[in-house]
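Report on the structure given below.
So you know, we letter chains A, B, ... as the sequences are listed, proteins then strands, and number each from 1.
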Amino acid sequence: MNVSELLDGKRVCICGGPGGVGKTTTSAAIALGMAARGAKVAVVTIDPARRLANALGLEQLGNEPHRVDPERLTGAGEVDGELWAMMLDPKRTFDELIERIAPSPERAGEIKQNRVYKELSTAVSGSQEFTAIAKLYDLDRAGDFDLLVLDTPPSRNALDFLDAPGRLTAFLEGRALKTFIRPTGLGMRVLGRGASPLLGGLRKITGIDLLSDLSTFFGLLGGMTEDFSVRAAEVERMLRAQTTSFVVVTSAQTAAIDESIWFGRTLEQSGLPFSSAIVNRVHHDLLGDREPEDVSAALTQDLGAELAARVADNLHDYHVLARRDERNIARLSTEFGDRPLLLVPHLDEDVHDVEGLLRVHRYLFAPDGEREQMLADVVA
Amino acid sequence: MAGLLDKRLIFVTGKGGVGKSTVAIALGLLAARAGRRCIVAELAAQERIQRVFDHQGEHFEEVEVASNLFTISIDPQHAMEEYLRVKAGPLGHALSASRVFNAFAMATPGMRELLSIGKVWELAQLERRTRDAAPYDLVVVDAPATGHGLGILRTPRTFAEIAKVGPIAHQGRTIADTIDDRSFTGIVAVAMPEEMPVSETLALSDALERDGLALDAVVLNALYPGRFDNDGDLTALNAALADAAAPHTRAALKAALSEHARATAQREQRERLATGLRTEPIDLPYLFADQLGREQLELLADALELGLASAGVTAR
């Protein structure tokens, strides 16, 4: 199984997983590979490495995908399709959403000036996840692309990506607050004295200013909360669609594998279409059934005893990691059952340019037999 | 000059996957060794620390995992219930039992962060909110990834400004003042010698400076040993690879050349970090181990102690 087979007939590919495992690079390599095979693909990312951003021409401003110059991709061979890329601007995405659903430009302007809104749209926690999904949904609905690849935002853990949008939507819908706040025309008014002991408690804990700010904010949103609910339902439909594929991206380190297993279980329990995992930075067994001492002896003639010993030490350390990776991949494989695991070896350098993307993409898109040969070549 | 470990509260932050938790625990171990009563607080229910020390305990309780070393996993929901109980008495009980109130509080942007950092602040007080709780000499916070990490430091001030008056405003201001007090609070960034983590650390340093804060130490985690030099070794390895035929000797030579390439790239990034920060980071070695257990953490604590001493920030 390779990525091209995995994503056959898919319209949305969401790459999630622990931090620091190469999600951005993997997302870009997937998009590049699918474009090379004839699709019109857009990759949506949040915070790429500068060199990768430069390589894809992402330094341009603008919160819309733009086409990556085919000249930059010549190393990919014949690119039959189109590769587009965008860097998400969460604040701007939020503003655009408000502008779109506000009843008038004036109202949109007032909302954007509101203090609660400002905090909401720039708070790192939640707004990145919320706007990433919002942008994905808008791009999907516009239908300009055959495939959208989303690189999920960096968060404390992979699960934030699933939880945060819902939390924010729940807040925007304001359901919980309706118990406390009664709308009176445009402005809402905090319920008067004696309304409920709960309200009394809330005032006591939060302070009245915060409550009145919130009621102003929800007053401004008015009927728009309906739209948030409708959108949330449609987003949910998109995430659960047969044409969507969640791919868990991880490294083979113990902590990353633990988190990926946890993430995979949550996807499964949530009924989300979770298809496969990509394991980056895998250390392959170089020793087979030999001992590092054998290597040292064999190299002494060429390298001298001292350098040969250092080479053997290095191999020994590498082998510790190879055994660790093998065990962790076996754990992941047991957990993920029939879902394919695609392995990418530990490459010698950081992958932050088109050359690097091309190397990763070759592992992801090679037919099974060929990938095994490529992995064997790393070793021999 | 007062050392990093003389502070009462240390936030450890950095890009995802660079080893923040590891460094937070190693710092805690180092302080505990010096006889200080220390607690490492995780801001998410991960229980990674308890796993390292083979400890199974209550999630959100303070647990002693080694002599003088405690851990706690901070959960916003749990922190809120505790806060309400202490601050609002019977009314607090009613509120924390109310589903509507819970939904409201948990959905309010920033509220989860405020509650978490409020609990951290409480742990660092000599007079603990929780009755009979003993005070700590040092609280080390395993903070969220860089962007969030900075966000969480700003949350109390933001709330103080939004709420203006009332208990939240008051509490927010108190916590914000504590964070701004550099003799009380320290910030440690963790990076790996790779492009993205180094860039994020430099950006974090700038952002803190704009807020009138600063990094107290930068820890560079997982530095390869750099076993081979650029001249004789490299030439010899390449020449040997050209001649080698046996698969295992080829593999050994390839692994050596690969280590050399990575170690070289790492040192370029280390240089970029040191130049950008105008100070040397504290190096922690790459540990070739299955997973990080007690033994490895003790090693890292040794390395931290050495690094803090030579950085002129004396560990007690």
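Between B:His248 and A:Ala298, the shortest heavy-atom distance links the atoms NE2-CB, 4.3 Å. Pairing each heavy atom of A:Leu315 with each of B:Ala255, the nearest pair is CD1-CB, 4.1 Å. The shortest non-hydrogen separation linking B:Phe288 to A:Val320 is O-CG1, 3.6 Å. Minimum interatomic distance between A:Leu303 and B:Ala240 (heavy atoms only, all atoms of both residues): CD2-CB, 3.7 Å.
A distance of 8.5 Å separates CD in B:Glu259 from CG in A:Asp317, rounded to the nearest 0.5 Å. Here the OG1-CD distance, from B:Thr249 to A:Gln301, works out to 11.5 Å after rounding to the nearest 0.5 Å.
Heavy atoms of B:Phe228 lying under 4.5 Å from chain A belong to its backbone as well as its side chain. Contact of B:Gln171 with chain A is not made at all, since no heavy-atom distance falls under 4.5 Å. Proximity to chain A (any heavy atom under 4.5 Å) is shown, for B:Ser199, by neither the backbone nor the side chain. Residue B:Ala289 touches chain A through its backbone alone, counting heavy-atom pairs closer than 4.5 Å. For A:Asp313, the parts sitting under 4.5 Å from any heavy atom of chain B are the backbone and the side chain alike.
The greatest number of non-hydrogen atom pairs below 4.5 Å with chain B, out of A:Asp302, A:Asp294, A:Val311, is found for A:Val311.
With hydrogens and angles disregarded, a donor-acceptor distance shorter than 3.5 Å links the side chain of A:Thr254 to the backbone of B:Asp290. Proximity of a side-chain donor or acceptor of B:Arg227 to a complementary backbone N or O of A:Arg310 within less than 3.5 Å is not detected.
Annotation for A:His346: atom NE2 counts as buried by contact number, over 12 foreign heavy atoms lying within 6.0 Å.
Contact check for A:Leu299 versus B:Leu253: side-chain heavy atoms found under the 4.5 Å cut-off.
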